[in-house]
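Here the structure is laid out as structure tokens; the discussion comes afterwards.
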Amino acid sequence: SEAWVSGADRWTPERRRRFANDLDVLLAVDGPTNASKGRTDPAGWRPRKAFQCEYAIRWITIKKRWDLSADPSERRALREMLGYC
């Protein structure tokens, strides 16, 4: 959902398939964590503080690799999380 509103809506079906199957994009988490995050970006959900630096770096890397946009609130939240690095 986040990728879709960040530019994936303009991708070809093949690019969407590659994104959906990119193991660097996928992150296995427990059910409650997955449910609490839902479809939100870093402005709406953050992992526990000890993981925020790694999470922000991963998020930025994926957005850059797949040429996805980030809105101002998302960028602000990512900068805050990078402060824990």
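Count residues from 1 along the sequence. Fair warning: this is a prediction, and the values are worked out from it, not measured in the lab.
In the hydrophobic cluster analysis, where Ile, Leu, Val, Met, Phe, Trp and Tyr join through side-chain heavy atoms closer than 4.5 angstrom, W59 is grouped together with I57.
Judged by distance alone, the side chain of S73 and the main-chain N or O of A43 form no donor-acceptor pair under 3.5 Å.
In this structure, the separation between CD on E74 and CG on L68 is 9.0 Å, given to the nearest 0.5 Å.
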For residues 75-83, tabulate all N or O donor-acceptor pairs below 3.5 Å that involve a side-chain atom, not counting sequence neighbours.
{"residue": "R75", "atom": "NH1", "partner": "A70", "partner atom": "O", "Å": "2.1"}
{"residue": "E80", "atom": "OE1", "partner": "R46", "partner atom": "NH1", "Å": "3.3"}
{"residue": "E80", "atom": "OE1", "partner": "R46", "partner atom": "NH2", "Å": "2.6"}

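Separation of the Y55 and W45 ring centroids falls under the 6.0 Å cut-off.
Contact record, S6 with K63: OG-NZ, 2.8 Å, taken as the closest heavy-atom pair. In terms of heavy-atom proximity, R16 sits nearest to D9 at NH2-O, 3.1 Å.
Contact of the D71 side chain with the V5 side chain is not registered, since no non-hydrogen atoms from C-beta on lie closer than 4.5 Å.
Within the structure, disulfide bond (SG atoms under 2.5 Å apart) contacts touching residues 44-85 (residues at least two apart or in different chains) are C53-C85.
By the side-chain hydrogen bond (donor to acceptor under 3.5 Å, both in side chains) test, Q52 is found to be paired with no residue, residues two or more places apart in sequence or in another chain being considered.
Side-chain contact of D22 with W66: a donor-acceptor pair under 3.5 Å is present, judged by distance alone.
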